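The sequence lines fix the lettering, A, B, ..., with proteins before strands; numbering per chain opens at 1. Remember, it's a predicted structure, so these values are computed and weren't measured experimentally.
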Amino acid sequence: MFLCYSFQMMDTEYFESLANLLFPDAEPGASLEALYPPRDLPPGACVTRLGPSPTGFIHLGNLFMATVNRRLATQSGGVFFLRIEDTDRKREVEGAVKSLLSSLAYFGIDFAEGATADGEIGAYGPYRQSERQKIYYAFVRELILTGKAYPCFLSETQIEAIRAEQEADKVLPGIYGKYAEWRGADLSVIRRYYEAGMPYVIRLNANVGMTERNSAATVTVQDGIRGEITFPRNILDVVILKQDGLPTYHFAHTVDDHLMRTTHVIRGEEWLSSLPIHLALFEALGWMPPVYCHTALLMKIDEGVKRKLSKRKDPELALSYYIAEGYHPKAVEQYLLTILNSNFEEWRLSNPGVDNTEFILTTEKMGASGILVDLNKLRDISRDTLAGIPAKELADFMTDWAVRENPDALPTFTLERNVLESALDIGRGGEKPRKDLEYATQIFSHISYFFDAYFQIVDSLPEHVSAEEAQVLLEGYHGTYCHEDDRETWFGKIRVLAEENGYAARPKDYKKNPERYKGHVGDVSAVIRLALTGRLEAPDIWEIQQILGESRVVDRLRSFTNF
RNA sequence: GGCCCCGUGGUCAAGCGGUCAAGACACCGCCCUUUCACGGCGGUAACCCGGGUUCGAUUCCCGGCGGGGUCACCA
């Protein structure tokens with residue numbers, strides 16, 4: 001008994017000297033607790049966050065994550081904030097926060113709290129981890145004081161040697177147990193190294209504190225998406241403070257999400273395997289961990305193999321790609337919601353016209369297995385979504401897109417705004433609205449023939465119609481053309497023209513007696529369509545003509561055949 | 001390799017002990033139609049395998065197998 005007691009005294013003294021040596025100025029954790037009190041929110045409110053590292057690259061997966069986090073917070077009356085996880089100086093990219101913010105803003109993700117392009121908003125900051133050093137030091141000191149963390153002067157080569165030995169012995173690699181040479185090292189030795197300016201890191205002492213409360217070899221958590229998950233307890237003395245004095249993700253996550261009072265940590269499945277470390281950290285600091293929700297990963301099919309989206313290898317999944325292609329934010333949101341919650345699509349169908357924000361997202365309905373990004377589905381959803389957006393808004397959308405991605409087209413869009421708007425409005429409204437608009441670049445090529453600057457003949461005459469024949473037909477058409485004709489009159493004239501030239505006025509007649517005709521009225525239309533739009537596939541010709549205006553129609557008829 | 005997650009058609013997926021195993025996208029036919037688009041009708045196509053438990057397993061348990069993730073002083 002006596003022995004035990006005195007050891008403890010010695011330990012306390014040891015820890016205190018250690019803390020004072022390494023972190024003489026760190027403030028007590030308790031004062032920070034007071035600085036960041038629990039948030040005053042309605043019961044059940046979720047506090048979530050997005051924690052990107054500013055590497056200058058975000059892809060669909062980040063947006064996917066942002067969407068879940070944001071929804072869960074806003075729909076529960078909680079808070080969604082942005083924290084910049086910039087603890088890796090090597091990978092940091094200039095201006096990344098700004099571009100991150102603007103990419104997210106494009107897709108309608110904004111933040112009421114957290115880092116901004118040039119500052120921050122909110123009472124739980126700083127929201128850049130690089131500015132939180134004081135806070136991390138305070139809690140590192142706390143851990144040292146209780147013996148749960150210690151300095152480690154192992155060099156890179158020493159660690160490599162340990163790893164090699166472990167690999168040879170086929171044991172778990174890492175610093176733990178007997179490999180943790182600096183656990184409880186002599187104070188005099190530590191002092192000598194420290195004063196000699198030897199580089200060191202701070203490691204968690206996984207052996208202390210862990211077994212006090214629960215000696216079981218495993219930990220079990222309730223994941224918000226996956227339900228109960230069990231792992232072996234963490235035994236690794238993971239690094240919590242790097243040589244450069246910045247925290248590792250693990251430590252920063254623990255401290256920040258506790259102090260920022262995050263209730264739900266929603267992140268990708270790739271974090272699942274470090275969960276035991278995070279739980280160990282929360283336990284060591286004596287804090288309640290948040291609710292963890294590990295989402296399925298967005299995958300890509302690569303040479304027949306399904307794999308996680310990679311920033312390096314999949315530029316076409318970068319948000320910048322979707323922005324450049326001009327996918328509409330609403331369509332992308334719609335798509336993300338359908339892969340996020342299996343019941344969303346059904347809800348959407350049975351609640352037409354209701355805003356997406358009315359839909360309640362639940363973690364229970366989220367899938368746990370990897371999702372292949374399906375551009376087909378996105379495009380389909382796009383067509384549906386765009387069909388429901390007024391032409392005026394679409395015209396604004398196209399103009400905004402041109403400003404960013406196609407400045408050459410901007411003058412045309414601006415000068416011929418009414419043409420743009422009318423072109424986008426073709427076949428809309430009514431029971432069966434046209435659904436052929438997908439994303440800006442596609443839309444642009446779809447309607448470009450309305451503008452003289454972009455008009456060109458891209459298709460050729462139907463096989464059985466010769467150039468001479470086309471000329472005859474177009475001259476005939478031009479002869480009877482009257483811009484004021486209503487659709488009925490107009491098409492009646494085409495039928496007559498068809499008959500006069502040996503084409504069936506009705507396709508059915510032609511089908512019945514193909515030998516009697518050169519073709520049918522559709523062929524005549526095709527020629528006119530080609531002359532007017534430069535292509536064989538386009539919406540209703542009469543409508544196109546109304547938008548084009550009489551002089552343009554006549555010009556195009558003429559220039560096609562040079563009569 | 002250790003640990004963890006996942007496993008229903010090509011893709012996203014309903015299902016939660018008894019179903020002819022939904023639906024959406026894609027694909028293929030047909031219809032509508034002056035082309036396209038829209039729309040309508042129809043079609044091809046799935047419970048990874050093997051053991052249990054049970055009267056009965058896609059569903060529960062175990063074991064394989066397969067896929068993925070992770071094993072850093074990166075996040």
Side-chain angles (χ1 to χ4, degrees), chain A residues 51-55 85-88 90-91 129 152 154 156 159 163 167 170-174 199-203 223 225-226 229-232 236 238-250 252-253 267-276 294 296-297 299 301 305-308 335 338-340 342-343 345-346 348-349 367-381 383 387 426-428 430-437 446 459 462 491 494-495 498 503 505-508 520-530 533 535-542:
Chain A
S53 53
T55 56
E85 313 215 325
D86 54 351
T87 55
D88 185 3
K90 288 174 293 252
R91 294 202 308 165
Q129 290 180 331
C152 168
L154 247 27
E156 207 173 308
I159 291 175
R163 167 169 303 269
E167 267 165 27
K170 296 197 168 145
V171 296
L172 177 72
Y200 67 97
V201 299
I202 303 292
R203 286 181 187 276
D223 185 281
I225 294 171
R226 288 153 202 272
I229 309 175
T230 302
F231 308 81
L236 262 25
V238 290
V239 173
I240 59 176
L241 218 56
K242 299 184 279 190
Q243 233 174 67
D244 60 9
L246 289 172
T248 56
Y249 170 87
H250 309 303
H253 150 59
R267 38 138 78 153
E269 187 189 334
E270 73 259 37
W271 292 108
L272 211 44
S273 48
S274 38
L275 187 51
H294 290 93
L297 257 21
M299 314 286 273
I301 198 97
V305 187
K306 222 173 160 185
R307 49 144 250 256
K308 174 185 166 191
Y335 174 65
T338 73
I339 59 177
L340 222 31
S342 51
N343 54 330
E345 217 169 355
E346 198 184 324
R348 179 72 286 167
L349 243 37
S369 52
I371 304 162
L372 223 44
V373 176
D374 185 357
L375 280 181
N376 262 328
K377 186 82 178 174
L378 207 208
R379 285 196 210 100
D380 176 69
I381 289 174
R383 286 193 290 268
I426 291 181
R428 311 183 120 239
E431 283 297 290
K432 298 175 181 176
R434 225 182 145 73
K435 293 182 182 173
D436 51 354
L437 273 21
H446 232 64
D459 288 331
F491 197 62
I494 292 189
R495 287 206 206 273
Y503 294 83
R506 288 163 206 288
K508 275 183 183 157
H520 62 77
V521 66
D523 297 314
V524 179
S525 292
V527 173
I528 299 170
R529 175 172 279 112
L530 184 65
T533 68
R535 51 196 81 185
L536 258 14
E537 295 171 3
D540 182 75
I541 298 173
W542 184 81

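Rounded to an integer number of Å, the gap from NE2 of A:His520 to P of B:U33 is 12 Å. Between A:Leu372 atom CG and B:G10 atom P there is a gap of 13 Å when expressed in whole angstrom units. Atom NZ in A:Lys170 sits about 17 Å away from atom C1' in B:C3, given to the nearest Å. Atoms CD1 (A:Ile229) and C1' (B:C6) sit 11 Å apart, rounded to a whole Å. A:Ile381 places its CD1 atom 18 Å from the C1' atom of B:C38, with the value rounded to the nearest Å. Between A:Ile371 atom CD1 and B:G7 atom P there is a gap of 12 Å when expressed in whole angstrom units. Here the C1' atom of nucleotide B:C5 and the CZ atom of A:Arg267 are 14 Å apart, to the nearest Å. Atom P of nucleotide B:A13 and atom CD1 of A:Ile339 are separated by 8 Å, given to the nearest angstrom.
Annotation: B:C25 and B:A57 have their P atoms spaced 35 Å apart (nearest Å). Taking the P atom of each, B:A24 and B:U54 are spaced 40 Å apart, rounded to whole Å. Taking atom C1' on both B:G17 and B:G2, the two are 36 Å apart, rounded to the nearest angstrom. The separation of B:A75 from B:G18, taken at their C1' atoms, amounts to 49 Å, rounded to a whole angstrom. Nucleotides B:U53 and B:G63 place their C1' atoms 15 Å apart, quoted to the nearest Å. Comparing the C1' positions of B:G15 and B:A22 gives an interatomic distance of 8 Å, to the nearest angstrom. Using C1' as the reference atom, B:C20 and B:U58 are 15 Å apart when rounded to the nearest Å. Look at the C1' atom in both B:G29 and B:G56: the space between them is 39 Å, to the nearest Å.
Smallest separation of non-hydrogen atoms from A:Asp436 and A:Arg383: CA-CD, 4.2 Å. Nearest heavy atom pair, residue A:Ile426 against residue A:Arg434, reads O-CD, 3.5 Å.
Between the side chain of A:Ser53 and the backbone N or O of A:Thr55 there is no donor-acceptor pair closer than 3.5 Å. Side-chain N or O atoms of A:Lys308 include none that pairs as donor or acceptor with a backbone N or O of A:Glu270 at under 3.5 Å. A distance-only check finds no donor-acceptor pair linking the side chain of A:Arg428 to the backbone of A:Lys435 [under 3.5 Å].
Across the strands present, B:G66 finds its partner in B:C6; the criterion is a Watson-Crick or G-U wobble pair with both atom distances under 3.5 angstrom. Look at B:A22: it lacks any Watson-Crick or wobble partner with both distances under 3.5 angstrom. Base pairing analysis places B:U54 opposite nothing; no Watson-Crick or G-U wobble pair with both distances below 3.5 Å involves it. Figure legend. B:C16 is base-paired to no nucleotide; pairs are counted as Watson-Crick or G-U wobble with both atom distances under 3.5 Å. In this entry B:C32 has no Watson-Crick or G-U wobble partner, no candidate having both defining distances under 3.5 Å. Nucleotide B:A46 has no partner under the Watson-Crick or G-U criteria, as no pair reaches both atom distances under 3.5 Å. Pairing partner, B:C71: B:G1, with both Watson-Crick or wobble hydrogen-bond distances short of 3.5 Å. Base pairing of B:A37 is not made with any nucleotide, judged by Watson-Crick or G-U wobble geometry with both donor-acceptor distances under 3.5 Å.
With rounding to the nearest 0.5 angstrom, the CD1 atom of A:Ile528 is 4.0 Å from the CD1 atom of A:Ile494. Taken from CD1 in A:Ile339 to CD1 in A:Ile371, the straight-line distance is 4.5 Å, to the nearest 0.5 Å. Taken from CG in A:Asp244 to NZ in A:Lys90, the straight-line distance is 7.0 Å, to the nearest 0.5 Å. We find the OG1-CD1 distance between A:Thr338 and A:Ile381 to be 4.0 Å, quoted to the nearest 0.5 Å. Here CZ of A:Phe231 is found 4.5 Å from CG of A:Leu272. Values are rounded to the nearest 0.5 Å.
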Can you check nucleotides 39-48 of chain B for protein contacts, nitrogen or oxygen pairs under 3.5 Å, and list what you find?
residue : atom : partner  : partner atom : Å
B:G39   : OP1  : A:Lys435 : NZ           : 3.3

Could you list all N or O pairs between the protein and nucleotides 25-28 of chain B that sit under 3.5 Å apart?
residue : atom : partner  : partner atom : Å
B:C25   : O4'  : A:Lys377 : NZ           : 3.4
B:A26   : OP1  : A:Arg383 : NH2          : 3.1

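Counting any heavy atom pair closer than 4.0 Å across all strands shown, A:Ser369 reaches sugar-phosphate atoms only and no base atom. Among the heavy atoms of the strands lying under 4.0 Å from A:Pro433 are primed sugar atoms or P, OP1, OP2 only; no base atom is included. Contacts of A:Ile528 with the nucleic acid, taken as non-hydrogen atoms under 4.0 Å apart, are absent. Contacts of A:Gly427 with the nucleic acid, taken as non-hydrogen atoms under 4.0 Å apart, are absent. In this structure, A:Ala526 reaches neither bases nor backbone, as no heavy-atom distance under 4.0 Å exists between it and the strands shown.
Contact annotation: the side chain of A:Leu154 never approaches that of A:Tyr200 to less than 4.5 Å [non-hydrogen atoms, C-beta and beyond].
Between A:Ser342 and B:A14 there is a side-chain polar atom (N or O) within less than 4.0 angstrom of OP1 or OP2.
For the 3.5 Å distance criterion, the side chains of A:Arg226 and A:His294 fail to qualify, holding no donor opposite an acceptor.
A salt bridge between A:Lys377 and A:Glu345 is present, with a side-chain N of the basic residue lying under 4.0 Å from a carboxylate O of the acidic one.
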*asked:* So if I define the base as every atom that isn't primed, P, OP1 or OP2, how would nucleotides 67-75 of chain B read as a B/S/- string at a heavy-atom cutoff under 4.0 Å?
replied: -BBS-SBBB
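Taking the nucleotide of RNA chain B with the nearest heavy atom to each of A:Pro232 and A:Val373, the more 5' of the two is matched to A:Pro232.
Under the 30°/60° scheme for interplanar angles, the aromatic rings of A:Trp271 and A:Tyr249 are found to lie parallel.
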